[in-house]
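The next block holds one structure in the form of structure tokens; read it before the comments.
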Amino acid sequence: MYKGKYSQQGSAETPKQTENKKLLRKPRVSTIVFYSIYILLIAVFFLGIHALLNPLEAWLVRYEASQPEQKCQEVFDSLFSDPDWESLYTLAGMEDTAYEGSEAFATYMEAMSAGKVFTYVETSAGLSGDHKYIIKLDGDKIGTFTLTGGADSQAEIPQWEFGKLELNVTRTKSVQIEKRPGYTVYINGVALDDSYTVRKVSTGADKYLPEGLQGLRLEVQSVSGLLVAPEVSVTDENGNPVTMSYNEEICLYFLPRVTMEMTENEQGYVKNTLETFAKYMIKAASLTQLKNCCVPNAPVYTTISRIDRWMQNYLRYEISPITYSNFYRYSDTLFSVRAAMTNSVTRTDGTVKDYEMDYTLFFTMDAHGKWLLSDMTQVDIAQQAEQVRLTFVDGDTVLDSVFVDAASKTLTLPAVTVPEGKVFSGWVRQEKDGNGKTTLTVVFKPDENNTVILPDAALEPMTLYTLFEKGE
């Protein structure tokens, strides 16, 4: 009874409890509104953030792209990933020389950069506010480029743009060209004038020749400060092209040497004349016989006829074979040759006297085709004499440019004005290596009279510069 009664009472609910349960199961309207607004605000927030991020991201992209660290790479790649050297020559504002322009520069750079790597590194641009970069080729500096621009405030995106390009080249190539007087040398199509002549070679023959004829004469012209080996051509006095040979070791274009040879007919006349002269000196030939060997009324005949003869009495004589050298043909009707022989004369007492004969003989052809002696000398006219050009420069002023004997033993040099606080240390030669480094070598250090004593070595063509150093 008790148990059943308890169960009956425990399972019963009051009306109020039933009401409360219904209220719990039914959501309030305010809660729904709150969460709806909350969710809506979150959605609006994220939509706003998304809307702001797109332009911000674009701005950041533009900002990053405008930074010098990015822009310099872009500029460098545009210039040197596949360089157009003729365009870069113009962009760098490089100027043509008298003989070379953008084509020579392109040839030079293509050869220099073959198989090498271009890099760059930033360096100081000073107070300009620009960014400056050194361009390197396998570690060697070849130029610079700059970025210029920036922004007026931190809020603005900086606008860095390409500024300027500088390219450094060292013009170390030079060439020498041998020619005859009256010939014209062309370097890349440009004619050289006499100011480029640095060496003159001549012989002693000219003083024995009639007007209009010359002995061996050569001139050497020199052009330096080139980027690449130039195209060289030479024409003669009539404008005809001249074939040249080239010595690569000393960068010299030279005229092919022509070997001149006597004909047997010419040699016969030389032999007869010299032997007649030798016989005349011992009275084995008459003056008339000698005269028949000479140009009529030529001074050489008069000179020989007045020479005291070696001897008048002898037992016998023997003339050695003649040796010939230094044959030179000046024209179709004039040549010279050095001829040497010995006339061994046995005196009446049986002793032998050797008379050496060694002369340079000049022969002229007469109207009948006969070669006659026109002059003779014991001077070795084939010996070459050289003159070289020395140019003296003080700052930007050429004080003097003269030819001097290459075998000179002393020289008097131009006087110079020494700047205040300095001393004159001498005349120096400037030489640049492939990297553009200049080396100074003192060549002349004159005394108080501006005179120098020269060593035995022959002088070479030189451009010399004043060297002033701080006084003590």
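- Counting heavy atoms from C-beta outward, Gln384 and Thr203 have side chains that approach closer than 4.5 Å.
- The local environment of CZ in Arg316 is sparse, with at most 12 non-hydrogen atoms from other residues, nucleotides or ligands closer than 6.0 Å.
- For the residue pair Ser174 / Ser224, no side-chain donor-acceptor distance below 3.5 Å is found, with atom types taken as modelled.
- A distance-only check finds no donor-acceptor pair linking the side chain of Ser408 to the backbone of Thr410 [under 3.5 Å].
- Atom CZ of Phe80 sits about 9.5 Å away from atom CG of Leu137, to the nearest 0.5 Å.
- The two residues Gly369 and Tyr269 make their nearest non-hydrogen contact at O-OH, 4.3 Å.
- Side-chain atoms of Glu110 do not come within 3.5 Å of backbone N or O of Thr107 as any donor-acceptor pair.
- Panel note: side chain Thr451, backbone Asp447; no donor-acceptor pair is recorded below 3.5 Å.
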Practice task
Go through the steps to decide whether Phe444 and Leu454 satisfy the test side-chain contact (heavy atoms from CB on, under 4.5 Å), and finish with yes or no.
Solution key: CA-CA 9 Å; Phe444 299 137; Leu454 302 176; 3.5 Å; yes

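- Under the 3.5 Å distance criterion, with hydrogens and angles disregarded, a donor-acceptor pair is assigned to the side chains of Asp354 and Ser344.
- When each of Phe335, Phe363, Phe362 is checked for a ring-ring contact (aromatic ring centres under 6.0 Å, His included) with Phe327, only Phe335 meets the rule.
- The number of heavy atoms from other shown groups lying within 6.0 Å of CD (Glu318) does not exceed 12.
- Judged by distance alone, with hydrogens and angles left aside, the side-chain atoms of Asp77 form no donor-acceptor pair with the main-chain N or O of Ser81 at under 3.5 Å.
- Panel note: side chain Tyr89, backbone Asp96; a donor-acceptor pair is recorded below 3.5 Å.
- Heavy atoms of other residues, nucleotides or ligands lying less than 6.0 angstrom from CD1 of Ile453 number 12 at most.
- Aromatic ring centres of Tyr359 and Phe277: separated by under 6.0 Å.
- A salt bridge does not link Glu100 with Lys173: none of the charged nitrogens is closer than 4.0 Å to a carboxylate oxygen.
- At least one side-chain heavy atom of Phe392 sits under 4.5 Å from a side-chain heavy atom of Leu390.
- Side-chain contact between Trp371 and Gln267 is absent, with no heavy-atom pair separated by less than 4.5 Å.
- Here the straight-line distance linking atom CD of Glu74 with atom CG of Leu79 works out to 10.5 Å at 0.5 Å rounding.
- Using modelled atom types, no side-chain atom of Asn450 and backbone atom of Thr412 make a donor-acceptor pair closer than 3.5 Å.
- The closest side-chain donor-acceptor pair between Asn265 and Thr263, if any, does not fall under 3.5 angstrom.
- More than 12 non-hydrogen atoms from other residues, nucleotides or ligands lie less than 6.0 angstrom from CG of Asn238.
- Checking Arg338 against Thr360 by side-chain atom types alone, a donor-acceptor pair falls below 3.5 Å.
- Residues Arg180 and Leu255 come closest through the heavy atom pair CG-CD1, 3.6 Å.
- Judged by distance alone, the side chain of Asp206 and the main-chain N or O of Gly215 form a donor-acceptor pair under 3.5 Å.
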Practice task
Kindly determine whether Tyr208 and Thr377 satisfy side-chain contact (heavy atoms from CB on, under 4.5 Å), including the steps that lead there.
Solution key: CA-CA 9 Å; Tyr208 301 94; Thr377 178; 3.2 Å; yes

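- The aromatic rings of Tyr314 and Tyr317 stand perpendicular to each other, their planes meeting at an angle above 60°, with 30° marking the opposite boundary.
- Remark: Glu431 CD is packed, more than 12 non-hydrogen atoms of other residues, nucleotides or ligands lying under 6.0 Å away.
- More than 12 heavy-atom neighbours from other residues, nucleotides or ligands sit within 6.0 angstrom of CD on Glu237.
- Of the inter-residue distances, the one linking Trp310 atom CH2 with Lys283 atom NZ reads 14.5 Å to the nearest 0.5 angstrom.
- Heavy-atom minimum distance, Ala125 versus Asp130: CB-O, 3.2 Å.
- Of all heavy-atom pairs spanning Thr466 and Val416, the tightest one is CG2-CG1, 3.7 Å.
- Side chains of Gln221 and Thr197: a donor on one and an acceptor on the other come within 3.5 Å.
- Considering all non-hydrogen atoms of both residues, Thr438 and Gln430 come closest at CG2-CB, 4.1 Å.
- When the shell of 6.0 Å around CZ of Arg306 is examined, it contains 12 or fewer heavy atoms from other residues, nucleotides or ligands.
- Within a 6.0 Å radius of CG in Asn297, no more than 12 heavy atoms belonging to other residues, nucleotides or ligands are found.
- The two atoms that bring Val398 and Val393 nearest to each other are CG2-CG2, 4.2 Å, heavy atoms only.
- In this structure, Glu219 does not pair ionically with Arg389, as no charged nitrogen and carboxylate oxygen lie closer than 4.0 Å.
- Rounded to the nearest 0.5 angstrom, Thr97 OG1 and Ile187 CD1 are separated by 11.0 Å.
- Residues Glu166 and Lys164 are paired through a salt bridge, judged by an N-O separation under 4.0 Å between the basic side chain and the carboxylate.
- A cation-pi geometry, defined here as NZ or CZ lying under 6.0 Å from the six-membered ring centre and within 45° of its normal, does not hold between Lys422 and Phe424.
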Problem - Stepwise side-chain contact (heavy atoms from CB on, under 4.5 Å) test for Val388 and Val404 - result: CA-CA 6 Å; Val388 297; Val404 300; 4.1 Å; yes

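- If you take CD1 on Ile319 and OH on Tyr355, they are separated by 13.0 Å, rounding to the nearest 0.5 Å.
- Looking only at distances, no side-chain donor or acceptor of Arg199 sits under 3.5 Å from a matching main-chain atom of Glu386.
- For an aromatic pair to be called close, the ring centres must be under 6.0 Å apart, and Tyr120 with Phe118 fails this.
- Remark: side-chain polar atoms of Ser113 are not paired, donor with acceptor, to backbone N or O of Lys116 under 3.5 angstrom.
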Practice task
Just do the side-chain contact (heavy atoms from CB on, under 4.5 Å) check on Glu86 and Phe105 with the steps written out, would you?
Solution key: CA-CA 7 Å; Glu86 290 197 51; Phe105 173 77; over 6 Å; no

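- Although no hydrogens or angles enter the test, the distance criterion places a donor-acceptor pair under 3.5 Å between the side chain of Ser305 and the main chain of Thr302.
- Taking CZ from Arg329 and CE from Met262, the interatomic distance works out to 9.5 Å, rounded to the nearest 0.5 Å.
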